[in-house]
Structure formats: structure tokens, C-alpha cells
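Step one of this worksheet: look at the structure below.
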Amino acid sequence: MTSTSFESDFLVVGSGGGGLSAMLAAVAAGHQPLLIEKTDRLGGSTALSGGQLWLPGNHYLAEKGIADSVQRGVEYLEDVVGDVGPGTTTARKRAYVEGGLRMLDLLEREGLEFVYSPSPDDYPEAKGGTASGRAIEARLTKRSVLGEWAPLLRTDTLLPLPILMYELKDVELATRSGAHLRRSAGFAYRAVRAKATREEYMTLGAALVTQLLRTLRHRGVEPRLETAMRELLVEDGRVVGAMIDAGGRRSEIRARRGVLLASGGFGHDAARRRAEQPAPIDGSWTATAPGDTGDGIDAAVGLGAYTSNLDEAIWVPAPILDGKPILGAWERSLPHSILVDDSAQRYANESMPYMELGQKMLARHRDVPAVPSWLIIDSTHRKRYPLMTAGPRITPKKWIESGFLKRAGTIAELADQCDLDPDRLSATIDRFNGMAKVGRDEDFHRGESSYDRYFSDHTHEPNPCLGAIESPPFYALRYYVSDVATVGGIVTDEHARVLREDGSPIEGLYATGTGTASVTGRIYPAPGASIANAMIFGFVAVEHALDGIGASRPDHRPEGLR
Ligand SMILES: Cc1cc2nc3c(=O)[nH]c(=O)nc-3n(C[C@H](O)[C@H](O)[C@H](O)COP(=O)(O)OP(=O)(O)OC[C@H]3O[C@@H](n4cnc5c(N)ncnc54)[C@H](O)[C@@H]3O)c2cc1C
């Protein structure tokens, strides 16, 4: 049944980072956009994410005395991303870096609060790369600032404590120095204090989304939840709105200046993942939000949009516990660990950036079963470092009893439990131990990049990523290829306009985020590059569709974020 139509300036489909930044840009400039969200929660994958924004040349860097510029940011993207399809043009790379700074200016004028979040670019040694990092992240934010919207926020626990992303290093290395331990104790105190005051502190992506929503609420935006875009409306070759479905009722939303598809990727579309992505990927191990089912891609393709890089995702090698991936870059990078395939052989630098390691696992799997692989650690690792959600020395009994974590007194017994060839596994470990002792991984160069060394134990010598696997008991854990986003999809230009194969734009139609062919192509260049990609091209779309962003009035800034 179709009911009457509703009129707006601009229709934004999806309430993740891409949709929310577009909404903010539009309302701040005095327009009346409409936000629809398919699920009953706001925030999409963005609210579940690490929450960093990678913004080369941002002012937080300058305040720390770190030299950076737009030019260096573009140079870096050119070097590491290259030209891997129509999403990765130089014009789009420049639009990302320049648009990112304009967007940050708007977010701060609107009262969002960030801190510098030091962690290196994924390829710091590349041209234009940096080991200092260029990411920022939202400050800890009280959930209560959302008022009656607080229950509408999509949340899940990525970190067990109210800490910022860059503070995780202290927790990982709490047993390794007094300074890390003291700071970790401070986080525990922060958690206790929060509990005593009954305040729920949002961090990471949930903090970013909380701050965005708070500002939108303050500006009088009324998002429509459980309202799905079903198809796009076209008149005279121009997109003028969409058919929506809210609780089985279909209606038309007319959008004078166009439609932005910010409806996420296709993490949960098993059929498309099987068809487009490398085996054995089918979406079962994805960490993306449940609404990411590729609706925007379908709608745009229906109008003749071109797609690219559909086989790609931000892969994150991870164990799966109770059906959920436990994401983290630390345990496989820290010393006293290796990753082996079913032939008990190493095949990659375990400390490398997660997207690239996932690509290596999938490539290896074509020749030797490697998905899942086995992460093997010894008891020195277990004594010194956290393992997923377990603190150092505390190994949950049920992990062992359920077989999730294998434990054995000898390498041969461990191999037996994992169905690996014991002689092969011993030979692999002997070779690795020899290289660890001299601090040089001749096979895969682990620990040579400052990225590798950041995610490792700087107190460990001679190479912070290499430690022998020699202290029993030994442990093994299955590692799958999870993902936090699909990054191929609709091809867009530097204004976020949706393009046909001949390069012409579909008038009135814009797209951003994980449903588009990312400007970062087949690589994850730095922490926060994916969230920033979604938010920047949402912002850029509004600049184009609504003819520039006006200066927001200071009296709209909400007070008292923390
Ligand atoms: C656990 C996790 C950790 C991550 N960590 C990082 C990180 O540290 N750094 C980084 O850069 N990236 C990270 N990512 C990836 C990052 O979150 C995404 O790339 C980015 O946030 C995507 O934003 P988006 O707006 O494109 O999509 P989303 O945030 O997924 O939002 C899309 C929204 O659209 C809605 N929607 C879908 N279809 C429709 C429809 N038909 N009608 C209406 N609404 C619809 C969905 O329900 C969803 O709410 C992480 C992701 C996850 C899951």
C-alpha cells in the first residue's frame, strides 16, 4: 500500500558516519534534510567501530609539533593506494584530504570534541607516510547527553573498559613497565568511578556517533527509524527521491536536491559475498552492523551505476568466539607468537596491517588450507600479554574445555590436538626461534616496519615482534578472516556523485561509505581511513548538492559533552 508523499531538501539513507556527517553539514547550512534508517538503532557499523578519523594535515598534529600537510597526505595515498579502479582517482584522493579538513572544521564548530590519537600510518615508510600517525578520535562521551535518544544508539563492546583507542597500548603492555601499569590502573579507576556515578561512558565509534547525534538532536533533526529505502524515484533522468517502507507501509519521499546513499556495504549479504568475494568468504565472520545488506548498491545499479572492487573488504584476521569475531591487532603481533596454515608453515609477517594479512590468508588458502589458520603462542606470551578478552596469566577454563583454545605441554602434543604434522610444526618453530634470537625474520621481515613495532612490546629485544616459542605450556587458537567493512561498490566521483560506466553522473544521486568503491582501493592506509572516507564523502556530497556549506551559528553549539 502506498501512502502520500513527503517533501524534503535532501534525503539521507542510513545513519552511520556517512549519513550523520551529511546530515550535520546540511542542517548546519540551514537546509532541511531527512534521515532514514532501516533498523531500530542509529549509528550503523560506525557506532561499533574503533572510531578514529584519519585526517592528514589536521591541526592536532600541528599543535603537537608534527609536520604534515595536505600534499603529504595525497602523496601517501598515491603511493600506497595507487590506481586500482575508478574509485581511486587523484581527484578523489585530493577530495578526501582537503574535504577532511573542511569537515573537521564543521564538526568542531558544531561542538564535537576530539583528541589526537597517535598510532602510525599502516605503511609509515611509504612516500608521505608517518610513524606519528594522523588520526584523531572522539573524547569519552556520556551516553546521557543523548537524552531520550540514548536507547536508540547501536552499541556493542569492542573494549571492556572506558578507554580511548590509543590508550589500549597501555593495557596490552601493563605487565611490561611501571608507566603502562600506572596508566592502566588509572583506566580501571575511571571504570569504577563511572560505575559509582552510574554514568555510561561511550568511547571509540560509539562516542563519535553519540556526539554527532547529540548535535543533530540539538538542531531539531527527527530521524525516521525502521524506515528502509526500497527504490529510487527518477523523473526526467534525475533522482528526485525514494520509495520507502516503514512497518509495511510504503510511501514516497521527494527530495528537491537529491538523495545520498549512506546505507553501508554488504557485509551481511551472504549470496553477494559468495558470488563476488574470495572463498571461503560468505559473511559469517563479519563484524559489520546487521543493516549492511547492500541495499544502496542494488538501488544504484538499478539506475545504471557502475561498480568496482566488490571482491575487497577490510579484512581482520580474528578468532571467532560464540559466533562473534574478537577483533584485535595485538596478540598476533606481540612476541612469542606465530601464525601457521594447515601444513604447519608460516606464510606471512604476523605483525603486518590487518587488511593485508587477511589478503595473504585468503591468497594462501587457494594453495594450502589457511582459513582458518592457527595462532600459536607459548606461556611467556600468556604470562605477559592479554589474549583477546583474557588478561595476562588468566586463561578461562571454558576456553580450554570447549576446545576453543588448545593447550599442551609439548609442541608434538599441540600439533596432535590441531591435526598438524608434528615434525613440520617443530621445524617451523625451530626456524622461527633461531630468527627470533638474532632479531631478524629472514622469511617475512616481521618487525622491520615501525607499524609492526607499534603493535608490539617495545621492552622486548632485540626485535620487539620476535620472541621464541619455547616455554610450555603451548597454546593454539583458530584464526579466521573476519572483516569490518566491504570496501567495493558504487563508483563515485570527487563530489560523491554516482557514476555510470561511461563516467557520466546520475543526476541527483550521491553515495558514500562502505557501499562505494573506496578511495583507499585495496589497502587500509591508516587507522580511521574508512570511517573518515564515509564521513568526508557524505560531507562533500552535501557541499555539491546544496551549493556550499554555510557557517554554522555558534549559538547552536550544545554545551557539556563530558
Ligand atoms: C567492529 C568494527 C570496527 C571498525 N573499526 C574501524 C576503525 O577503527 N577505523 C575505521 O576507519 N573503520 C573501522 N570500521 C569500519 C567503519 O566502521 C566503516 O567503514 C564506516 O563506519 C562505514 O560507515 P557507513 O556510513 O558507510 O556505514 P554504516 O556505519 O554501516 O551505516 C550504514 C547504515 O545504513 C543503514 N541502512 C542500510 N540499508 C538501508 C536502507 N535500505 N534504508 C535505510 N537505511 C539503511 C544501516 O542499517 C546502517 O545503520 C570498523 C567497523 C566495525 C564493524
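Both counts, for ligands and for their atoms, begin at 1 and track the order of listing. Being a predicted model, the structure only gives us computed values, none of them experimental.
- Ring geometry for Trp330 against Tyr454 counts as tilted: the plane angle lies between 30° and 60°, on a 0 to 90° scale.
- Residue Lys38 has at least one nitrogen or oxygen atom sitting less than 3.5 Å from a nitrogen or oxygen atom of ligand 1, judged on distance alone.
- Close contacts of ligand 1 with Ala287, meaning ligand atoms under 4.0 Å from a residue heavy atom, involve 53 (C).
- The atoms of ligand 1 that sit less than 4.0 Å from any heavy atom of Asp295 are 38 (N), 39 (C), 40 (C), 41 (N).
- Only the side chain of Asp292 comes within 4.0 Å of ligand 1, judged by heavy-atom distances.
- In terms of heavy atoms, Pro525 sits closest to Tyr76 at O-OH, 2.7 Å.
- Residue-environment remark: CD (Glu125) exceeds the threshold of 12 foreign heavy atoms within 6.0 Å.
- Not a single heavy atom of Ala289 lies less than 4.0 angstrom from ligand 1.
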Point to revise | Stepwise side-chain contact (heavy atoms from CB on, under 4.5 Å) check, Gln277 with Leu310 | key: CA-CA 7 Å; Gln277 303 213 309; Leu310 285 170; 6.0 Å; no
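- Side-chain contact, Gln359 with Tyr354: no donor N or O sits under 3.5 Å from an acceptor N or O.
- Only the backbone of Ala262 comes within 4.0 Å of ligand 1, judged by heavy-atom distances.
- No part of Phe537 comes within 4.0 Å of ligand 1, judged by heavy-atom distances.
- Heavy-atom contacts of Gly513 reach the following atoms of ligand 1: 26 (O) (cutoff under 4.0 Å).
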**Study point:** Derivation of the side-chain contact (heavy atoms from CB on, under 4.5 Å) call for Leu11 and Arg254
**Key:** CA-CA 8 Å; Leu11 174 63; Arg254 316 260 323 163; over 6 Å; no
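- Residue Thr39 approaches ligand 1 through these ligand atoms, each under 4.0 Å from one of its heavy atoms: 47 (O).
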**Study point:** Verdict with reasoning, Arg143 to Tyr201, per side-chain contact (heavy atoms from CB on, under 4.5 Å)
**Key:** CA-CA 6 Å; Arg143 187 170 189 156; Tyr201 280 90; over 6 Å; no
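- Counting only N and O atoms by type, the side chains of Glu110 and Thr215 include no donor and acceptor under 3.5 Å apart.
- Remark: His268 engages no residue in a ring-ring contact (aromatic ring centres under 6.0 Å, His included) (not counting sequence neighbours).
- For the residue pair Pro280 and Val371, the shortest heavy atom distance occurs at CG-CG1, 3.9 Å.
- Heavy-atom distances between Tyr524 and ligand 1 reach below 4.0 Å in at least one pair.
- For Arg183, the side chain to side chain donor-acceptor pair (under 3.5 Å) partners at least two apart in sequence or on another chain are Asp170.
- Of the listed options Val484, Ile244, Thr286, Val484 places a heavy atom closest to atom 2 (C) of ligand 1.
- At least one heavy atom of Gly43 sits less than 4.0 Å from an atom of ligand 1.
- To the nearest 0.5 angstrom, Asn533 atom CG is 11.0 Å from Trp54 atom CH2.
- Atoms of ligand 1 found under 4.0 Å from any heavy atom of Gly14, numbered from 1 in the order shown, are 33 (C), 34 (O), 35 (C), 44 (N).
- For Leu48, no nitrogen or oxygen atom sits less than 3.5 Å from a nitrogen or oxygen atom of ligand 1, counting backbone and side chain alike.
- The shortest N/O to N/O separation between Thr46 and ligand 1 falls below 3.5 Å.
- Evaluated by nearest non-hydrogen atom to atom 28 (P) of ligand 1, the leading choice among Ser530, Gly19, Ser45, Gly291 is Ser45.
- The distance from ligand 1 to the heavy atoms of Val13 drops below 4.0 Å at these ligand atoms: 40 (C), 42 (N), 43 (C).
- Proximity to Gly18 (heavy-atom distance under 4.0 Å) selects the following atoms of ligand 1: 25 (O).
- Of the N or O atoms in Gly50, one or more lie within a sub-3.5 Å distance of an N or O in ligand 1.
- Taking any N or O of Gly515, backbone or side chain, none lies under 3.5 Å from an N or O belonging to ligand 1.
- Thr227 counts as a contact of ligand 1, since one of its heavy atoms falls under 4.0 Å from the ligand.
- Considering Leu509, Leu34, Val498 as possible partners of Val259, the one that fulfils the side-chain contact (heavy atoms from CB on, under 4.5 Å) test is Leu509.
- If you check each of Ser49, Ala228, Gly17, Ser263 against atom 14 (N) of ligand 1, the one with the closest non-hydrogen atom is Ser49.
- Interface of Ala529 with ligand 1, defined as ligand atoms under 4.0 Å from a residue heavy atom, comprises 11 (O).
- How far CG of Leu339 is from NZ of Lys360: 13.0 Å, rounded to the nearest 0.5 Å.
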